[in-house]
Amino acid sequence: MNGWTVTQTVFDSARQHHHETIFTIGNGYLATRGTFEEGHPQDRRTTFLHGVFDAAPFVVTELANAPDWLPLEIFFNGARFGMNQGTVREFERALDLQNGVLTRRVMWDSAQGERATIVFERFCSLAAPHLVCLRVSITPQHAADIKLRASINGIALSDGTQGEKLAHWEFLAQGLSRDAWGGEREGNVFLRTRTFHSQVELGAAMRVQTTRGKELTREFWDARNVPTLLLRVNAEAGETVVVEKYVAYFTSRDVEKTRVVDAALNQVNAVRDWDDALAENSAAWEKEWERTDVVIEGDDEAQLALRFNLFQMLIAAPRTDDRVNIGAKTLSGFGYRGHAFWDTEIFMLPLFIYTAPHIAKNLLNYRHRLLSGARAKAKANGYEGAQFPWESADTGEEVTPTWVPHYLDRSKLIRIWTGDIEIHISADIAYAAHQYWVASGDDAWFSEKGAELILDTAKFWAARAEWNETEQRYEYNDVIGPDEYHDHVNNNYYTNRLAQWNVQTALEVLAWLKQHAPHEAEQLLEQLDLSPARLAKWRDVVEKMYLPALPNGLLLQFQDFLERKEVDLASLEPRVISVQALLGIEGANETQLLKQPDVLMLMYLLQNEFSHEQVQLNYDFYTPRTDHTYGSSLGPAIQAIMACQVGKPDDAYEHFMRALRADLYDVRGNADDGIHAASAGGTWQAIVFGFGGLRVTRDGWTLEPRLPKHWKRLAFRFFYRGKPAVVDLDNENAKTQGT
Ligand code: IFM
């Protein structure tokens, strides 16, 4: 166990989709699922490029599965290599998290009994994000005639919501580029294609070369939309033939339409060889891990699983593009179609705020760029200000499907209400912008963009607040809180309190702006029409917002929560499905069972506002009511933090491990749809804010470590206001509190 390698030693077709997700590789520009180069029945061959969306039924728009760079078929004396053909004698797949290289080693006998050892290696270059690299080393036991087919497959289909296949690409052109001597013999293959609706043009180029063994004979096979190089070599017994395949992608999001192919060709031509490309990639990864790595000593499983989750975040994070966000399933699967949710701001963003502020800024800029969509949504609903869509893609419009096929019976449709009434996301975004500002001290960004996010969402909340004349209070009725087992509820505590925080913070931000950035303050006052009368209404909303609670300090999930049926979760055991799947949508709605505990989530976000006793009271009340195992995948990491806060390290560890294992062990049975990104981001928060006990304010930071008993050491780094801090803890003390 070296703490850096995720390994698979048994291939099981029945689990192939799960493993495709686990073995996804990427670089923040694109990602490719862990399918096999030669193909396998029912595989979900997928490469997603950030921001390349196209229209799709039900889901409005989805990431378009890009032309496939992986195809590499191998034939030994005419027998085609495949994991489902001949006999696989040995198999091992390993993902090196340190540099993102995925390796598969297979010892294989063809049906005719010819044996070969084949090693595939591939990575998506972190140093040159448009470039993806693949190498195969083939060692036949006996002399063999080896043929290879290396292609770019432009017939890349997406899996639709009803199991159908969707095409997003219209073929434009393909060919072989001229080589250095003006001929085509050593030329590189290219493909030009375009999405049907969004009209994104994509150029892909492929270069194939050998570095060891004999020269190959090459032939261009002009199969429409699948330009292919046919390669041939006679190998001696025991001789290793090595073939390298480099592919590059550029789209009209990156360069002028007319340049997409040239840019891709230039990129593959710029590669010297495998060792060079790998060295650059590894150096780039080293820098990433310097900022991001967390060391856990005394728990090998947690160490590896945590790095796996961090790796998933790093390969999804846009480093140079602030027009894109991270989807709830990253770029690793078809689930949620690449759409971004509050998962980014509340669960993933803290990792970036504290370890890679430039990435956090990109993600927040994405929201700022799409303010016009949020304003349009508010307006369409009859409100002022900015109401962010529950699901967001490339344009900022609401892309939550209204109806989707039922998860148990695909012939039926279910109405999805989240796009209409799960409104807390606007406050989540404001909260994230504020958190970035507090931690980074980036006043310039905040004056220019962050403040506008907070002010315009506040404007929405004030407009959306309903005045209850009888009770003399403001309310938010008919909403869905983060706990989606209960819909159409009134006065969800999380929603009401975070909306109130949003409006209150907007007033404070305005005061800060007037003092520190008067010009921007002036501009925003005018642009957002922040008249004295409007600001007076904001103060009224803050003062009179209804926050449902009992006199003893128990905060209520929503207004009539205690009238719902009490059900002992233990009485539903044994089960391997969620409470909602077991009791039905209506059935779960009638109970006090929770998909996730909104009140605890809120107590985590606004942690300086609650006493220890109040946290304890609410923790004890909501914990047994929560479907921790099969409810929301977002919950366990936060539950771990709250367990730390109430001094229950064993419980904290259990919840933390549940989050860490979500995808590696496919806890919910849906990892085939892609990585649970919020859970992955949450694991970092559980480490830093839970076990590390980091608390950050505008005045500085403090630690209150509470490590699981068996951990010998926990070390991590973060930035506070541009300065790096190193935390190194053992189970007794914080050894180093910062540099
Ligand atoms: O955003 C989440 C939501 O909280 C629960 N359902 C899944 C969404 C995407 O992860």
Side-chain angles (χ1 to χ4, degrees), residues 21 59-60 62-63 161 309 312-313 316 325-349 363 367 388-393 398-401 404 407 414-429 431-432 479-487 489 492-495 498 557-558 577-581 585 588-589 593-602 604-605 626-639 658-659 662-663 667-683 685:
T21 299
V59 294
V60 189
E62 66 179 13
L63 282 176
T161 41
N309 281 280
Q312 294 302 332
M313 288 289 91
N325 205 283
I326 304 178
K329 300 285 182 185
T330 64
L331 295 172
S332 62
F334 291 104
Y336 295 119
R337 312 282 139 187
H339 298 176
F341 296 66
W342 72 311
D343 303 34
T344 304
E345 281 73 19
I346 298 298
F347 297 87
M348 303 179 226
L349 204 76
L363 292 166
R367 295 296 189 182
F388 279 96
W390 175 243
E391 295 187 28
S392 183
E398 179 61 75
V399 292
T400 305
V404 295
Y407 51 95
I414 321 184
R415 175 72 164 88
I416 301 294
W417 287 104
T418 49
D420 305 69
I421 58 174
E422 192 155 355
I423 56 176
H424 60 85
I425 184 158
S426 297
D428 302 325
I429 291 169
Y431 178 89
V479 302
I480 304 178
D483 161 34
E484 294 171 342
Y485 282 177
H486 298 98
D487 55 21
V489 302
N492 167 261
Y493 195 97
Y494 179 97
T495 307
L498 217 57
Q557 183 90 354
F558 51 85
I577 52 175
S578 71
V579 165
Q580 194 177 55
I585 294 174
N589 210 344
L593 298 178
L594 308 176
K595 186 171 178 182
Q596 64 179 58
D598 297 357
V599 163
L600 300 185
M601 181 81 225
L602 191 270
Y604 166 53
L605 296 183
T626 304
D627 187 3
H628 299 290
T629 317
Y630 302 111
S632 174
S633 64
L634 287 63
I638 308 303
Q639 186 73 25
R658 187 171 286 129
D663 291 308
V667 172
R668 287 174 177 72
N670 61 358
D672 51 347
D673 279 346
I675 289 293
H676 291 82
S679 173
T683 60
Q685 297 193 60

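Positions are given from 1 along the sequence. Each ligand, and each atom within it, is numbered from 1 in the order the structure gives.
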So what's ligand 1 close to, N/O to N/O, under 3.5 Å?
{"from": "ligand 1", "atom 1": "1 (O)", "to": "Trp342", "atom 2": "NE1", "distance (Å)": "3.0"}
{"from": "ligand 1", "atom 1": "1 (O)", "to": "Asp343", "atom 2": "OD1", "distance (Å)": "2.6"}
{"from": "ligand 1", "atom 1": "4 (O)", "to": "Trp342", "atom 2": "NE1", "distance (Å)": "2.9"}
{"from": "ligand 1", "atom 1": "6 (N)", "to": "Glu484", "atom 2": "OE1", "distance (Å)": "3.1"}
{"from": "ligand 1", "atom 1": "10 (O)", "to": "Asp343", "atom 2": "OD2", "distance (Å)": "2.5"}

The salt bridge (charged side-chain N to carboxylate O under 4.0 Å, His left out) partners of Glu391 (sequence neighbours excluded) come to none
For the aromatic rings, using the six-membered ring if either is Trp, is the centroid distance between Trp342 and Phe388 under 6.0 Å? no
Classify the side-chain pair Gln685/Tyr604 by whether it contains a donor and acceptor separated by less than 3.5 Å. yes
Could you list the residues that satisfy ring pair (Phe, Tyr, Trp, His ring centres under 6.0 Å) with Tyr336, not counting sequence neighbours? Phe341
Report the residues that fulfil salt bridge (charged side-chain N to carboxylate O under 4.0 Å, His left out) with Arg668, sequence neighbours left out, ordered by chain and then residue number. none
Kindly determine whether Lys329 and Asp343 satisfy salt bridge (charged side-chain N to carboxylate O under 4.0 Å, His left out), including the steps that lead there. CA-CA 10 Å; Lys329 300 285 182 185; Asp343 303 34; over 6 Å; no
